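Small disclaimer: the values here were computed from a predicted structure and weren't measured.
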Protein chains: 2
Amino acid sequence: MQRSTKQRRAIQETLRASGRPLSPKEIEELAQENGEVLSLTTVYRSLKILVESGDLATVELPGQPARYEASGLDHHHHFHCDDCDRMFDVPGCPSDVHSLAPKGFVATHHELILKGQCPACA
Amino acid sequence: MQRSTKQRRAIQETLRASGRPLSPKEIEELAQENGEVLSLTTVYRSLKILVESGDLATVELPGQPARYEASGLDHHHHFHCDDCDRMFDVPGCPSDVHSLAPKGFVATHHELILKGQCPACA
DNA sequence: TTGCTATTGACAACTCATTTCCATTACCTG
DNA sequence: CAGGTAATGGAAATGAGTTGTCAATAGCAA
């Protein structure tokens, strides 16, 4: 059976507090800045369990390590800051996306990533 | 100075003939099926040179190796087939994309990837 | 054709994210 | 509190993509 450990609580709290998708390394660093004791190994192990149990969702970005965020959010997209490399949530979705698919293609889902500068870097 | 070799011509011709973004491995396999002698090492080396010289553009997909296509095409997006794992070009672009960026964010570009089944797999 | 040198190919080596190992630690139930 | 065992941490291993090495090959200018 699953136990509630300091480390696992730190991971979930770090994600909750940041309000944006975090990579394993970001989670480790943010938690440690917060005084938590936590190894990268543990972050990976816990993320895997939390994704499998449906608590977290994976957010992928080309050429980058995966990020993680709470699952069950409304359909949304992501913003990647080219300067600080952080990722943010973007609510909403262009209405006519799937109609772009050429004849013969069946679009069932999609990914949209905006890029540029976040408020802190702009 | 740069030389025109059988291998380099085969790579460009393979890309041109396929009409869709190809990964290094796809290029190697398609060229070899076509009777060309070509190693994966050479594909990587040539792609690097062709991208640096501006002849090719890189197309990235989360969790996947990069694909390459001719540069200088009109602004467009991509379709990834979940079944055969191939990538295709999608002309057009939702008009209001950058307006999705929350206040304070400066969106300078974006990536849109449709997913589902290609005509051959649907 | 000859000679110079860019290019190739096979394989080793590297990178980087992620996973495994295993001895130690710390939840938690009784 | 004590015992059983899930969880942790650090190092080593993995795996996939990509790059480096170097001897052999092949464009290309003379």
Side-chain angles (χ1 to χ4, degrees), chain A residues 1-15 21-53 55-69 78 80 84-87 113, chain B residues 1-15 21-53 55-69 78 80 84-87 113:
Chain A
M1 65 260 47
Q2 200 140 321
R3 291 176 184 172
S4 165
T5 65
K6 214 179 347 169
Q7 288 84 348
R8 225 162 266 182
R9 268 175 270 125
I11 291 171
Q12 308 218 52
E13 172 56 18
T14 301
L15 275 167
L22 298 179
S23 68
K25 213 166 292 179
E26 281 180 313
I27 294 172
E28 185 201 25
E29 288 165 5
L30 287 174
Q32 289 180 348
E33 283 171 18
N34 237 49
E36 299 291 345
V37 175
L38 182 61
S39 75
L40 191 54
T41 304
T42 297
V43 174
Y44 275 108
R45 231 182 335 232
S46 303
L47 286 176
K48 192 176 184 183
I49 290 168
L50 290 167
V51 168
E52 280 168 3
S53 73
D55 290 327
L56 294 184
T58 305
V59 181
E60 308 214 50
L61 188 64
Q64 299 265 322
R67 326 277 164 124
Y68 297 83
E69 69 178 352
H78 297 99
H80 177 252
C84 67
D85 202 39
R86 293 184 299 176
M87 193 172 232
I113 300 159
Chain B
M1 67 255 51
Q2 199 139 322
R3 291 175 185 175
S4 166
T5 65
K6 215 181 345 174
Q7 287 85 349
R8 226 163 265 183
R9 268 175 269 125
I11 290 171
Q12 307 218 52
E13 172 56 18
T14 301
L15 276 167
L22 299 179
S23 68
K25 214 167 290 177
E26 281 180 312
I27 293 173
E28 184 201 25
E29 288 165 4
L30 287 174
Q32 288 180 349
E33 283 171 18
N34 239 49
E36 300 290 346
V37 175
L38 183 61
S39 74
L40 190 54
T41 304
T42 297
V43 175
Y44 274 108
R45 231 181 333 229
S46 303
L47 287 176
K48 194 177 182 180
I49 290 170
L50 291 167
V51 167
E52 280 169 3
S53 72
D55 290 326
L56 295 183
T58 306
V59 180
E60 308 215 48
L61 187 64
Q64 298 265 324
R67 325 276 164 127
Y68 297 83
E69 69 179 353
H78 297 100
H80 178 251
C84 67
D85 200 39
R86 292 185 298 176
M87 192 171 233
I113 299 156

Scanning both residues in full, the closest heavy-atom pair of Leu47(B) with Pro24(B) reads CD1-CG, 3.9 Å
Ile113(B) and Pro62(B) have their tightest heavy-atom pair at CD1-CD, 3.9 Å
Applying side chain to side chain donor-acceptor pair (under 3.5 Å) to Glu60(B) and not counting sequence neighbours gives none
Expected list for residues 56-67 of chain A near DNA chain D, using heavy atoms below 4.0 Å, is none
Contacts of Arg3(B) meeting side chain to side chain donor-acceptor pair (under 3.5 Å) (sequence neighbours excluded), chain-then-number -> none
Sorted by chain and residue number, the side-chain contact (heavy atoms from CB on, under 4.5 Å) partners of Gln7(B) (sequence neighbours excluded) come out as Thr5(B), Leu38(B), Thr42(B)
Between Asn34(B) and Thr14(B), does a side-chain contact (heavy atoms from CB on, under 4.5 Å) hold up when you go through it step by step? CA-CA 9 Å; Asn34(B) 239 49; Thr14(B) 301; 6.0 Å; no
Under a 4.0 Å heavy-atom criterion, DNA chain D is touched by chain A from dG4(D) to dA11(D)
Residue set satisfying side chain to side chain donor-acceptor pair (under 3.5 Å) with Glu69(B), at least two apart, ordered chain then number -> His76(B), His78(B)
Nucleotide by nucleotide, nucleotides 6-12 of chain C touches protein heavy atoms under 4.0 Å in the pattern (B base, S sugar-phosphate only, - none) BSBBBB-
Stepwise side-chain contact (heavy atoms from CB on, under 4.5 Å) test for Arg9(A) and Glu36(A) = CA-CA 10 Å; Arg9(A) 268 175 270 125; Glu36(A) 299 291 345; over 6 Å; no
Residues at least two apart in sequence or cross-chain that pass side-chain contact (heavy atoms from CB on, under 4.5 Å) with Gln64(B), listed by chain then number, are Leu61(B), Arg67(B), His80(B), Asp85(B)
With sequence neighbours left out, the residues meeting salt bridge (charged side-chain N to carboxylate O under 4.0 Å, His left out) with Glu13(A) are Arg16(A)
Residue set satisfying side-chain contact (heavy atoms from CB on, under 4.5 Å) with Ala66(B), at least two apart, ordered chain then number -> Thr58(B), Tyr68(B)
Per-helix bend value, the helix from dT1(C)-dA30(D) to dG30(C)-dC1(D), C1' rotation axes over five pairs per end, 10° rounding, shows 40°
Here the distance between atom C1' of dA26(C) and atom CZ of Arg9(A), to the nearest Å, is 11 Å
Taken in chain and number order and not counting sequence neighbours, the residues that satisfy side-chain contact (heavy atoms from CB on, under 4.5 Å) with Gln32(B) are Glu28(B)
